[in-house]
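Letters A, B, ... are given to chains in the order of the sequence lines, protein chains preceding strands, and every chain is numbered from 1. These figures come from a predicted structure and were not determined experimentally.
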Amino acid sequence: MIFKGKVWKFGDNIDTDAIIPARYLTTSDPLELAAHCMEDADPDFVKKMQAGDIILGGENFGCGSSREHAPIAIKAAGVSCVIAKSFARIFYRNAFNMGLPIFESAELADAIKEGEEVTVDSAKGTIIITDSNKSFTINPIPPFMEELINDGGLMKHIAKTRGKNETK
Amino acid sequence: MGNTITEKILMAHTGLKKISAGQLINARVDIALGNDVTAPIAINEFKKAGGKKVFNKNKVALVLDHFTPNKDINSAQQCKAVREFALQQKITHFYEGGRVGVEHALLPEQGIVLPGDLVIGADSHTCTYGALGAFATGVGSTDLAAAMLTGELWLKVPQSIKFVVYGKLQKWVSGKDLILHIIGRIGVDGALYQAMEFTGETIGKLPMADRFSMANMAIEAGAKNGIFAPDKITADFIKKRAKRKYKFYASDADAVYSDIIEINAAKIEPQVAFPHLPSHVKGISKAGRVKIDQALIGSCTNGRIEDLRIAAGILKNRRAASHVRLIIVPATPEIYKQALKEGLLDIFMKADAIISPPSCGACLGGHMGILAEGERAVATTNRNFVGRMGHTKSEVYLASPAVAAASAVLGKIASPEEL
């Protein structure tokens with residue numbers, strides 16, 4: 001997968017209340033959630049961003065609640081992928097399970113300015129800043145997570161493996 | 001090489017004879033939990049995947065506790081969708097209306113989660129059940145859908161950090177203060193992806209209510225689970241509640257830990273987590289003058305009867321400061337009834353408190369206790385992120401029921417010693 005887009009920078013410990021505040025959790029409609037994506041971290045984010053843009057976080061991105069509404073809001077807002085120094089574990093699971101591409105890079109966040117464009121090549125495991133041509137390595141995705149992505153998320157993965165088990 | 005309690009419980013839920021940290025496993029689930037916020041997405045995914053029947057109607061718990069009593073039309077619709085699913089699937093552990101409590105207080109109280117269980121819940125504070133010596137972890141809605149369908153879930157066996165807590169607790173210091181102190185020390189990602197195992201002489205004497213408060217906030221350090229080895233105190237709690245078999249596990253003496261952290265509990269004073277992270281912790285003596293507008297006593301962290309007794313002990317014959325809204329949320333109907341029986345609700349009402357029905361509402365800024373711009377609350381809850389309880393320019397200070405009650409009376413963050 002290749003993702004090319006402008007990065008929007010956020011700091012460390014961006015919690016799921018900032019990504020999608022609880023006051024909007026009375027619905028699970030992706031488009032309604034998307035309208036409030038990142039609202040408590042940057043109230044203008046949805047207005048400013050364009051489809052294909054990339055969220056760039058620091059350490060522990062997505063900490064706090066288990067709400068899958070967080071990756072759902074990000075994906076439905078049109079964000080192509082999230083890059084962070086590290087991810088909180090439930091957000092990490094959720095992203096792979098529901099199909100939001102996420103990548104870990106310890107160095108990118110400190111080497112790039114907001115608004116710069118990058119190209120993420122998941123097969124090569126690289127992120128390249130367009131203007132400076134600087135290249136960064138993505139932490140390798142564990143094989144099982146790769147399987148989840150290739151199958152189109154957890155439920156499709158289960159359908160596939162259950163099908164296999166039943167024909168055995 | 002021995003195993004930790006976490007590894008042993010996980011192994012017992014697979015067909016494997018050996019297990020080690022970092023390994024990816026498919027584990028059998030004893031209880032899969034969802035609420036009115038997370039279950040609607042899970043039910044939708046379950047149906048989309050062609051799900052007709054849940055793997056076991058006795059092993060799914062659906063608790064409508066977040067936006068209940070129904071806040072608005074949208075939340076009523078969400079509850080309705082979960083109710084219809086629960087009735088159609090004949091889910092044994094379905095709770096709503098006058099039977100509902102805050103899920104992580106309700107499930108242990110009703111004996112639905114037991115020692116040695118593997119519990120997954122689409123709610124991050126599912127880690128609370130580690131207090132019973134269960135492996136319990138928060139997951140997302142798709143995970144819940146998968147578990148409802150197959151009875152299994154993929155998990156990575158976590159490394160464990162061992163906390164050895166020793167020394168006698170000072171007056172007014174509780175499990176809540178211990179966990180706040182620990183999070184302050186290791187940070188909000190200090191235990192990322194790991195198990196937090198609580199041991200030591202102080203822990204051995206700690207009542208269940210305090211253990212629940214501590215396990216509850218393991219997620220606030222990024223942990224996958226928090227866990228206590230069950231003992232006599234656990235056994236006393238469980239024996240009148242359990243309706244099925246359970247098992248006590250303990251770590252081997254030669255179990256492997258990624259870190260061992262010793263804590264001298266005798267040196268800890270009541271703790272307060274300042275905005276906007278649970279790790280911004282200070283001792284109460286260093287809190288300075290922080291005027292408050294609201295005090296909230298309740299939640300899955302501190303809404304148990306023991307918490308209400310502590311608060312009532314402080315609020316008896318006193319009143320909340322005139323500018324403070326004191327909100328008390330008994331976490332379950334059973335706790336509510338017990339508080340009524342013991343005269344605690346009477347004490348609270350004489351202290352000008354608002355007594356809320358069991359609900360998660362105020363804690364997550366959902367409803368029934370929202371903060372306006374510039375307002376400050378002291379809360380016995382678990383999160384103080386930006387906007388957590390209302391306006392993005394409001395502030396939440398996390399503390400114990402003792403500190404919250406004293407603060408309500410004095411109108412500022414305060415220790416009961418100041419009364």
Side-chain angles (χ1 to χ4, degrees), chain A residues 12-19 21-30 32-33 39-41 43 58-72 85-99 142-145 147-148 153-159 161-162 165, chain B residues 24 36-38 40-42 44-46 48-50 66-67 71-78 121-126 137-146 149-150 152 154 156 158 187-189 192-193 219-220 222-224 276-277 279 364-367 370 383 385-388 390 392:
Chain A
D12 291 341
N13 303 312
I14 294 295
D15 59 82
T16 53
D17 281 276
I19 298 170
R23 57 185 177 274
Y24 302 121
L25 299 185
T26 55
T27 178
S28 49
D29 179 74
E32 279 185 51
L33 295 170
E39 186 170 299
D40 282 2
E59 301 282 1
N60 203 25
F61 186 91
C63 63
S65 114
S66 68
R67 62 190 71 157
E68 207 160 300
H69 311 66
I72 290 173
K85 289 182 184 174
S86 66
F87 290 93
R89 63 161 280 278
I90 306 179
F91 184 90
Y92 184 85
R93 281 185 83 94
N94 285 347
F96 282 95
N97 283 346
M98 55 70 70
F144 174 69
M145 308 312 273
E147 226 177 291
L148 282 186
L154 179 63
M155 296 312 280
K156 286 187 182 144
H157 171 76
I158 287 172
T161 48
R162 266 158 73 97
N165 291 340
Chain B
L24 202 68
D36 50 313
V37 167
T38 59
I41 296 176
N44 197 25
E45 288 296 321
F46 177 88
K48 258 175 34 194
H66 272 59
F67 286 100
K71 178 203 172 199
D72 53 19
I73 294 169
N74 275 348
S75 52
Q77 292 293 130
Q78 295 211 116
D123 187 282
S124 59
H125 293 111
T126 300
T137 193
V139 296
S141 295
T142 301
D143 280 317
L144 173 60
L149 190 65
T150 66
E152 291 183 347
W154 69 269
K156 200 164 112 182
V188 287
D189 58 356
L192 196 59
Y193 296 95
I219 178 71
E220 272 30 276
K224 183 166 208 155
H276 289 287
L277 281 178
S279 57
L364 82 155
H367 66 153
I370 306 294
R383 291 199 172 124
F385 301 145
V386 171
R388 173 72 180 180
T392 49

Check your understanding: Could you go step by step and tell me if A:N60 and A:D15 meet the side-chain contact (heavy atoms from CB on, under 4.5 Å) rule?
Key -> CA-CA 8 Å; A:N60 203 25; A:D15 59 82; over 6 Å; no

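Considering only heavy-atom pairs separated by less than 4.5 Å from chain A, the leading option among B:G50, B:A146, B:A223, B:G366 is B:A146. Most heavy-atom pairs under 4.5 Å with chain A: of the set B:I370, B:T150, B:I73, B:V386, this distinction falls to B:T150. Top candidate by heavy-atom pairs under 4.5 Å with chain A, chosen from B:F46, B:F67, B:W154, B:F385, is B:W154. In terms of heavy-atom pairs under 4.5 angstrom with chain A, the leader among B:H276, B:K224, B:K71, B:H367 is B:K224. Your options are B:T38, B:D36, B:L149, and the one with the most heavy-atom pairs under 4.5 Å with chain A is B:L149. Between chain A and the options B:T137, B:T126, B:V139, B:V188, heavy-atom pairs under 4.5 Å are most frequent for B:V139.
A distance of 5.0 Å separates OG in B:S124 from CD1 in B:I219, rounded to the nearest 0.5 Å.
Interface residue A:L148: only side-chain heavy atoms are found under 4.5 Å from chain B. Both the backbone and the side chain of B:E45 have a heavy atom closer than 4.5 Å to some heavy atom of chain A. Looking at A:L25, both its backbone and its side chain come within 4.5 Å of chain B, counting heavy atoms on both sides. Contacts of A:D40 with chain B are made by both backbone and side-chain atoms, with heavy-atom separations under 4.5 Å.
In this structure the side chain of A:H69 never reaches within 4.5 angstrom of the side chain of A:Y24, judged on heavy atoms. With a 4.5 Å cut-off on side-chain heavy atoms, B:R383 and B:H125 count as touching.
A donor-acceptor contact shorter than 3.5 Å links the side chain of A:T16 to the backbone of A:S65.
In this structure, A:F61 and A:F87 have perpendicular ring planes: the angle between them is above 60°, well past the 30° mark.
Remark: the B:T142 side chain and the A:E68 side chain contain an N/O donor-acceptor pair separated by less than 3.5 Å.
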